[in-house]
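Working notes, structure below.
Whatever order the structure lists them in is the order used to number ligands and atoms, beginning at 1. Scope of the values below: all heavy atoms of this structure, side chains included, with no hydrogens, waters or symmetry mates. In what follows, residues are counted from 1 in the order of the sequence shown.
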Amino acid sequence: MGVFDSGVGGLTVLHECLVTMPHEDFVYLGDHARLPYGPRPLDEVRQFAREIGAYLQSQGVKLVVNACNTATSAALPQLQEDLDVPVVGVITPEAHAAVQATRNRRIGLLATEGTVAAGRYAELVHALDAGVRLLPVACPRLVPLIESADPFGAETTEAVREYAAALKDAEVDTVILGCTHYPLIRPIFQRVFGRDVTLVFSAEETAREVAETLARKGYENDARREGSYRFLTTGDPDAFREMGARFLQLPIAEVEHVELAALGAAA
Ligand code: DGL
């Protein structure tokens, strides 16, 4: 399977996929040369996603996971049209889980500027329940803080408190954490929102959706084998390895460099 993200954040999705489907093979591509996607115009992110999707398909994967909320917001329908293999994004599974979980039908969304601007979560939530109120909040400070040397520092807690304030005032009972980086600071979110608020993370919901897709299509590998996983980056392989282990929480051996020109040529 091919999994991609703007950088290391999608490794939280890969982590869940590896523990849910240990018998499958994975290739993960991080587009570090063009990170971050969050503040970029959506049509630029769409072009990046199309190049990466085509490249992964040319590597012979049987399914592509768009493990970046911003790239899923910008490009999921186009990717599904372009590619012959199925494409699973990170937004639909979360929207579905949030609509199922909410009791007062007030859902909050924390995500990048690009994801909030695209409005895909609102479309998907309302397609499932037109009576739900979705409150989106863009959180531009969180990705750099989570990637910093001190992700659990006071500054991160302050930023989460600030972004959560409007959602707490609106008394949402469910919050979608709509960005690949956010599972890394799960305890901070849980403490700020309290136990009564259900937090929905893309990594877990997406892994479940991928496993179900493979099972229903009959595309699964033999459950007795042990799968492999490997890594590609458009940036610096050493930097990927160092930062990546924190997000993957599993060993990272080889990381190969891929030229942006190779992605462009595949599209
Ligand atoms: N992967 C991005 C997302 O999930 C966050 C990092 C970025 O802005 O590129 O939205």
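Each of the atoms 7 (C), 8 (O), 9 (O) of ligand 1 lies under 4.0 Å from some heavy atom of Y37. Close contacts of ligand 1 with S6, meaning ligand atoms under 4.0 Å from a residue heavy atom, involve 1 (N), 2 (C), 6 (C), 7 (C), 9 (O). Residue contact check: N69 has heavy atoms under 4.0 Å from atoms 3 (C), 4 (O), 10 (O) of ligand 1. Proximity to G38 (heavy-atom distance under 4.0 Å) selects the following atoms of ligand 1: 7 (C), 8 (O), 9 (O).
Residue D5 places at least one N or O, backbone or side chain, under 3.5 Å from an N or O of ligand 1.
Closest heavy-atom contact between R40 and P36: NE-O, 3.2 Å.
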Evaluate S6 against D31 for side chain to side chain donor-acceptor pair (under 3.5 Å), listing each step before the verdict.
CA-CA 5 Å; S6 52; D31 192 8; over 6 Å; no
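The closest approach between C179 and ligand 1 falls below 4.0 Å for a heavy atom of the residue.
Compare L35, L177, T70 by their heavy atoms: the one nearest to atom 10 (O) of ligand 1 is in T70.
By the 30° and 60° cut-offs, the orientation of the rings of F48 relative to Y37 is tilted.
The protein heavy atom nearest to atom 2 (C) of ligand 1 is C68 SG, 3.5 Å.
No side-chain donor-acceptor contact under 3.5 Å links R105 to the backbone of R133.
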Donor-acceptor contacts under 3.5 Å from residues 87-98 side chains, at least two apart:
from	atom 1	to	atom 2	distance (Å)
E94	OE1	N69	ND2	3.4
E94	OE1	Y121	OH	2.3
E94	OE2	S202	N	2.9

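Shown here are the ring pair (Phe, Tyr, Trp, His ring centres under 6.0 Å) partners of H15, two or more places apart in sequence or in another chain: there are none.
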